[in-house]
Amino acid sequence: MKVWASFYGGSSYSPGEYEEFSSVDDVVREYGAALRGEDPDFPCVSKEAEVLVCSTDPWHDEDAYPFLVLKAGPRGGIKRERC
C-alpha cells in the first residue's frame with residue numbers, strides 16, 4: 001500500500017516535506033535510525049522526533065490526515081501509534 005511520510009526531528013527541525021513510499025515498512029527502514037538518533041544525516045534529533053504517515057497524497061488531497069505516527073521506543077525499537 002502506497003503511503004506518504006513526513007519526518008519531524010524535534011525542536012531543532014521544521015516539519016519535512018511529504019515523501020512517497022511503497023509501504024510503512026519502507027518508511028521505517030528510511031527513518032528508523034534517524035528516529036533513534038543514530039543517523040549522521042540527521043544530527044540533533046530530539047526525543048520528540050516523529051514521522052507522520054498518510055494513506056493519501058497530501059499534495060493532492062486537502063483532507064489528508066495522518067493515520068499513523070512513528071516514534072522511537074524506549075528499548076530501541078520503532079513504535080507505531082494509530083491516529
Side-chain angles (χ1 to χ4, degrees):
M1 173 180 95
K2 237 187 243 191
V3 295
W4 287 261
S6 173
F7 175 76
Y8 172 65
S11 59
S12 297
Y13 287 82
S14 61
E17 299 290 328
Y18 277 92
E19 299 177 67
E20 184 178 328
F21 292 90
S22 59
S23 70
V24 174
D25 290 336
D26 285 346
V27 176
V28 172
R29 277 190 285 279
E30 179 71 23
Y31 291 115
L35 287 170
R36 291 187 295 270
E38 300 169 351
D39 190 336
D41 292 333
F42 294 94
C44 303
V45 171
S46 69
K47 292 186 187 290
E48 67 236 9
E50 62 185 16
V51 176
L52 302 176
V53 183
C54 295
S55 60
T56 59
D57 184 355
W59 296 109
H60 296 101
D61 180 4
E62 63 185 45
D63 293 329
Y65 188 81
F67 74 95
L68 191 66
V69 176
L70 305 176
K71 296 180 178 183
R75 295 183 298 265
I78 301 298
K79 295 188 317 184
R80 299 176 185 203
E81 298 177 353
R82 296 247 179 231
C83 294

- Would you mind listing every side-chain hydrogen bond (donor to acceptor under 3.5 Å, both in side chains) that reaches into residues 2-14, with sequence neighbours excluded? Lys2-Glu20
- Task: Enter the distance from Leu68:CG to Arg82:CZ here, rounded to the nearest 0.5 Å.
- Result: 6.0 Å
- Message: With a 4.5 Å cut-off on side-chain heavy atoms, are Phe42 and Leu35 touching?
- Response: no
- Is it true that Met1 and Tyr18 fall in one hydrophobic cluster, defined by side-chain heavy atoms closer than 4.5 Å? no
Pairs of donor and acceptor atoms involving the side chains of residues 25-33, under 3.5 Å and at least two apart or interchain, shall be tabulated with distances.
from	atom 1	to	atom 2	distance (Å)
Asp25	OD1	Arg80	NH2	2.8
Asp26	OD1	Arg29	NH2	2.4
Asp26	OD2	Ser22	OG	2.3
Tyr31	OH	Glu19	OE2	2.2

- Val69 side chain near Leu52 side chain, heavy-atom distance below 4.5 Å: yes
- Provide the closest heavy-atom pair for Val45 versus Ala49 in the form atom of the first, atom of the second, distance. CG1-CB, 3.4 Å
- Non-hydrogen atoms of Ala5 and Val51 that approach each other most closely: CB-CG1, 3.8 Å
- Item | Same apolar cluster: Val3 and Trp59, side chain cutoff 4.5 Å | no
- Task: Determine the minimum heavy-atom distance between Thr56 and Ala64, stating which atoms define it.
- Result: OG1-CB, 3.5 Å
- d(Lys71 NZ, Glu48 CD) to nearest 0.5 Å is 9.5 Å
- Nearest-0.5 Å distance that lies between atom OH in Tyr65 and atom SG in Cys83: 5.5 Å
